[in-house]
Amino acid sequence: MAQSKVRSYIGFCIKARKITLGANAIGTLYSGVYLLILDKKAAKNSLRFALKYKRRFACPLMLCNENFEDVVVKKDCKLAAIRDKNLADAILNSGDNNYELYTEGGD
């Protein structure tokens, strides 16, 4: 089975060290976040952190419908921050059905 575009782009982010994994690690950042990706099966507390960071960095938030731990290759990871503008734009414009843009109030 072919790998999705978003998985490839996230792989590029990992290789280029342009991704921050985990809510605590993202909390140490001050700027330079262009996209947040949250596992759709994450707990309400993770969603709360994601929305807090979405407001802090003024960036979009995407929900991942596939197994997010496998995508980022890190056990128990539910939230990731993309720190490269071009790769963030590529992920947003990929049109992958496994990822959807989070809209406020849609829970």
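Quick caveat, the model's predicted, so the values are computed rather than measured.
Distance check: Phe12 CZ to Asn86 CG gives 13.0 Å after rounding to the nearest 0.5 Å. Taking CG of Asn93 as the reference point, atom NZ of Lys5 lies at 10.0 Å (rounded to 0.5 Å). Taking OH of Tyr9 as the start and OG of Ser4 as the end, the distance is 10.0 Å to the nearest 0.5 Å. To the nearest 0.5 Å, the span separating OH on Tyr99 from CD1 on Ile37 amounts to 6.0 Å. Put simply, CG on Leu63 and CG on Asp39 are 9.0 Å apart, with the number rounded to the nearest 0.5 Å. Atom CD1 of Ile26 is separated from atom CG of Leu21 by 7.5 Å, given to the nearest 0.5 angstrom.
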Item to complete: For side-chain contact (heavy atoms from CB on, under 4.5 Å), just list the numbers for Ile10 and Val72, CA-CA rounded to whole Å, side-chain angles, deciding distance to a tenth of an Å, and then say yes or no.
Response: CA-CA 7 Å; Ile10 290 174; Val72 295; 4.1 Å; yes
Practice prompt. Let me see the working for Ser46 and Leu38 under side-chain contact (heavy atoms from CB on, under 4.5 Å), right down to the final yes or no.
Written response: CA-CA 8 Å; Ser46 297; Leu38 177 69; 4.1 Å; yes
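A side chain to side chain contact (heavy atoms under 4.5 Å, CB included) with Lys40 holds for exactly one of Glu100, Met62, Lys78; it is Glu100. Among the candidates Leu87, Asp84, Ile14, the single residue satisfying the side chain to side chain contact (heavy atoms under 4.5 Å, CB included) test with Ile19 is Ile14.
Nearest heavy atoms, Ala88 versus Leu35: CB-CB, 3.8 Å. The two residues Cys77 and Gly22 make their nearest non-hydrogen contact at SG-N, 4.0 Å.
A search for salt bridge (Lys or Arg N to Asp or Glu O under 4.0 Å) contacts involving Arg83 returns nothing, not counting sequence neighbours.
The stretch residues 15-28 participates, sequence neighbours left out, in no salt bridge (charged side-chain N to carboxylate O under 4.0 Å, His left out) pair at all.
Under a hydrophobic clustering in which Ile, Leu, Val, Met, Phe, Trp and Tyr are joined whenever their side-chain heavy atoms come within less than 4.5 Å, directly or via other members, Tyr34 and Tyr30 fall into different clusters. Note: the hydrophobic cluster containing Leu101 also contains Val71 (ILVMFWY, side chain heavy atoms under 4.5 Å, direct or indirect links).
Side chain of Glu69 to backbone of Lys75: no donor-acceptor contact under 3.5 angstrom is found.
Other residues, nucleotides and ligands contribute at most 12 non-hydrogen atoms within 6.0 Å of the NZ atom of Lys85.
For the pair Glu66 and Arg7, the salt-bridge criterion is met [side-chain N within less than 4.0 Å of a carboxylate O].
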Per-pair distances, 0.1 Å, donor-acceptor, side chain in residues 48-61, under 3.5 Å, sequence neighbours excluded:
| residue | atom | partner | partner atom | Å |
| --- | --- | --- | --- | --- |
| Arg48 | NE | Asn45 | OD1 | 3.0 |
| Arg48 | NH2 | Asn45 | OD1 | 2.5 |
| Tyr53 | OH | Ala23 | O | 2.9 |
| Arg56 | NH1 | Gly27 | O | 3.2 |
| Arg56 | NH1 | Leu29 | O | 3.2 |

